[in-house]
Participant: 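Take this structure, written in structure tokens, and hold onto it; I'll ask about it next.
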2 protein chains.
Amino acid sequence: MSRPTIAAVARAAGVSVASVSRVLNGLPATGEMTERVRRAVQELGYVPDARARSLKVGRTFQLTLAVADVGNPVYVTMMRAVEEVVSAAGYRLVVTTTGRDVVDEVALVRGMARGYADGLVISPLRVDDDLIKSIRECEVPVVVAGNVPARAGVDTVRANSPKGIRLAVDHLVARGRRRIAFLNGPADTVPGTARAKGFADALKAHDLHPAATAEAADFTFPAGRAAAPRLPAAGKLDAVICANDLLAVGVMHELAANGLRVPEDVAVVGMDDSELAEQSFPPLTSVNLGSAERGRRAAELLLARIEDSTRTPRRIVVQPSLSVRRSTP
Amino acid sequence: MSRPTIAAVARAAGVSVASVSRVLNGLPATGEMTERVRRAVQELGYVPDARARSLKVGRTFQLTLAVADVGNPVYVTMMRAVEEVVSAAGYRLVVTTTGRDVVDEVALVRGMARGYADGLVISPLRVDDDLIKSIRECEVPVVVAGNVPARAGVDTVRANSPKGIRLAVDHLVARGRRRIAFLNGPADTVPGTARAKGFADALKAHDLHPAATAEAADFTFPAGRAAAPRLPAAGKLDAVICANDLLAVGVMHELAANGLRVPEDVAVVGMDDSELAEQSFPPLTSVNLGSAERGRRAAELLLARIEDSTRTPRRIVVQPSLSVRRSTP
DNA sequence: TTGTAAGCGTTATCAT
DNA sequence: ATGATAACGCTTACAA
């Protein structure tokens, strides 16, 4: 009736539970013993209980990736990269959503503390002292895919979005655009602040003034559409850089609705270079912030720290590049 | 140094471990006792070990959702719906990817058997006897979001894609299109077979012959692009229905590359009515297969079965509708 | 109301 | 090489 335990297997095979455990874990045993155990396992359809095992050995062989919004295509890139690395190392990856609130993230990290997974990669949208504290106190290794202060004393891998925006601005200027606007996501988020400053600096480097800046309610497509009308009329602007691809696609929809052509009337640049960038129409020029590489390195950092919890935290910065497509001239 | 256990809390509070456990689980205790325990928990930063707890109580309070491809936007809709239902019921949701192979799915279900989660919602791309067997034998409740034979004896919730395709064909015919082609995904998948048949039947009902049918290598955007040239030239065809939104967007890109206008020259219809359908340009008319509702109902079935494992399996069919957008006339 | 102690299903230590 | 047994950290009878 109930699920077979290791004891049932031992009974069926006429050996001790210890022997069953050994065979299952590949420890030395005679061929005879191995054979009997295998047969019993087969017959009973025995599968070891992951909880009991991990309670004993202290590891779950599960790793968690926590992202803010599963609907954001940048996370699928990152997810795939993380998955690849951790599964090659023999771990299962589970993905959870943090939701948009910091308290959710804190709760997640706290809960992680005991027994859910051996490690956590978290990509937080907002960072506050509580979150940093919960990360510091977390019982399992945490690596942050994003930007947290060095005092957090945690492995991080982040993008260089100011430099990325600089690439976008350089590109637009080289193509003769001067009236460049910026559509940001919420400025109180980690990416939001970095990108706002990056835009300001990049324009300054070219002795240009922002044609406009606006802020969307969040990093989603509908927010992009909704925010687009807050940008100035087309005559005042010949290019707009958006804080991510979803916003950019939203803006392109609004432009089209107003009869404007991309890139002839207005050039549009996104950020993240997610799958959506090539799927959009016209295909979107986008700042590649290295999401795949960030995922990969974050996973590697996590595995390394699981191996050796004493190594000093590393802070990796992944360099951006620009994927030029048809939304810019 | 090491993480505090319930014994440490008990010691710090000067009470027994049983009392700590009781307070933590809200069982009757004096205010005095409650206070001392709370204080000790606070001071030590104690978090109960989920493994040990679940080993004892037999539940993990985790539920798993397994999807084939996290990059397919239809799954984010489903994921959100499932998440909402299960978290309201006090469960954590973890998402895992099965990969495109059946053996992966079988391995997942088997592994699920012991201790990873209290239940599983799986949306399999391919179904074979092994998978059905593993589902039948699974120690935890499984509900299938998709189509498996009734003999599997499992709760299912599936879409009615033939009827959905019928809606699409009706719509196209009503708008004067007669040369309708179908771009399927792999025909050896569950949705692939259903949709192929659905298309044939729908055309027959209108006394029409397929303008063409083709099959993409998988249900992705690049596969859609790659398969599009295998459809006949534009003169031979005035509409194409695609087995999902990603394929449809891929086709629209190819059409545009060949100077064809959507919907003037060729109308395009997708399936799933995912977020991508409204993000694409032109916005994609798409068959809404009720992914959100399927996710919700699947989650509800799972919760119900966890409550009562003896209830007879239900087979829910969610009805489709058509979301008309600008990719059709 | 509180404490003692027996498990939950494993693995690891120690004999044999 | 194999077997008995003590943990792992928790919950829950059962006793007090």
Side-chain angles (χ1 to χ4, degrees), chain A residues 1-38 40-41 44-62 90 111-118 139-140, chain B residues 1-41 44-62 111-118 139-140:
Chain A
M1 202 60 267
S2 189
R3 322 129 130 186
T5 72
I6 198 174
V9 175
R11 219 175 303 120
V15 300
S16 74
V17 293
S19 297
V20 176
S21 174
R22 279 192 214 98
V23 170
L24 261 33
N25 291 293
L27 296 175
T30 59
E32 153 79 7
M33 170 67 80
T34 307
E35 189 43 43
R36 294 172 67 167
V37 171
R38 289 231 182 287
V41 164
L44 299 180
Y46 167 76
V47 182
D49 185 305
R51 295 166 300 203
R53 173 162 212 283
S54 86
L55 180 59
K56 186 60 187 163
V57 303
R59 306 177 73 170
T60 63
F61 294 95
Q62 280 200 165
M112 207 79 262
R114 304 302 296 276
Y116 282 120
D118 299 337
E139 313 287 356
V140 302
Chain B
M1 203 60 266
S2 189
R3 321 129 130 184
T5 73
I6 197 173
V9 175
R11 218 174 306 119
V15 301
S16 75
V17 293
S19 297
V20 176
S21 174
R22 281 193 211 98
V23 170
L24 261 32
N25 291 296
L27 297 174
T30 59
E32 154 79 7
M33 169 69 77
T34 306
E35 189 44 42
R36 293 173 67 165
V37 171
R38 289 229 181 290
R39 203 194 317 278
V41 165
L44 298 179
Y46 168 74
V47 182
D49 184 305
R51 294 166 299 198
R53 175 165 210 283
S54 86
L55 181 58
K56 186 63 187 158
V57 303
R59 304 177 72 169
T60 64
F61 294 96
Q62 281 200 164
M112 206 80 262
R114 307 299 297 276
Y116 282 120
D118 298 338
E139 312 289 355
V140 302

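Because the structure is predicted, anything quoted here is derived from the model rather than measured. In the text below, chain A, chain B and the rest are named by the order of the sequence lines, each starting its count at 1.
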Participant: Just so I know, are the side chains of B:Val140 and B:Asp118 near enough to count as touching, which here means a heavy-atom distance under 4.5 Å?
Facilitator: no
Participant: Figure out the CG/C1' separation between B:Leu27 and D:dT11, and round it to whole Å.
Facilitator: 10 Å
Participant: Roughly, in whole Å, what's the span from CG in B:Leu44 to C1' in D:dG9?
Facilitator: 15 Å
Participant: When we call it a touch if two heavy atoms are under 4.0 Å apart, what does B:Ala29 touch: a base, just sugar-phosphate, or nothing?
Facilitator: sugar-phosphate
Participant: Figure out the CD/P separation between B:Glu139 and C:dG9, and round it to whole Å.
Facilitator: 11 Å
Participant: For A:Leu27, does its backbone N or O pair with a side-chain atom of A:Asn25 as donor and acceptor, under 3.5 Å?
Facilitator: no
Participant: Can you tell me which nucleotide in D:dA1, D:dC8, C:dT10 comes closest to the side chain of A:Leu55?
Facilitator: D:dC8
Participant: Evaluate the side-chain proximity of B:Pro28 to B:Met33: yes if any heavy-atom separation is below 4.5 Å, no if none is.
Facilitator: no
Participant: Please pick, from D:dC10, C:dA5, D:dT5, the nucleotide with the shortest atom-to-atom distance to any side-chain atom of A:Ala18.
Facilitator: D:dT5
Participant: Can you tell me if the side-chain N/O atoms of B:Ser16 get under 4.0 Å from OP1 or OP2 in C:dG3?
Facilitator: yes
Participant: How would you label the contact of B:Ser21 with the nucleic acid (heavy atoms, under 4.0 Å): base, sugar-phosphate, or nothing?
Facilitator: base
Participant: Show your reasoning for whether side-chain contact (heavy atoms from CB on, under 4.5 Å) applies to B:Asp49 and B:Thr5.
Facilitator: CA-CA 8 Å; B:Asp49 184 305; B:Thr5 73; over 6 Å; no
Participant: Give the rounded distance in Å between these two atoms: CE of B:Met33 and P of C:dT2.
Facilitator: 4 Å
Participant: With heavy atoms under 4.0 Å as the rule, sort A:Arg22 into base, sugar-phosphate or nothing.
Facilitator: base
Participant: Answer yes or no: is there a side-chain heavy-atom contact under 4.5 Å between B:Ile6 and B:Tyr46?
Facilitator: yes
Participant: Under 3.5 Å, is there an N or O donor on one side and an acceptor on the other linking the side chain of A:Lys56 and the base of C:dA12?
Facilitator: no
Participant: Round to the nearest Å and state the distance from B:Asn25 atom CG to D:dA13 atom C1'.
Facilitator: 15 Å
Participant: Could you check how far CD1 of A:Ile6 sits from C1' of C:dC8, rounded to whole Å?
Facilitator: 14 Å
Participant: Take the protein atom CG of B:Asp49 and the nucleotide atom C1' of C:dC8, then report the distance between them rounded to whole Å.
Facilitator: 13 Å
Participant: Looking at the side chain of B:Ser19, which of D:dG9, C:dT2, C:dT10 is the nearest nucleotide?
Facilitator: C:dT2
Participant: Separation of A:Leu24 atom CG from C:dT10 atom P, in whole Å?
Facilitator: 9 Å
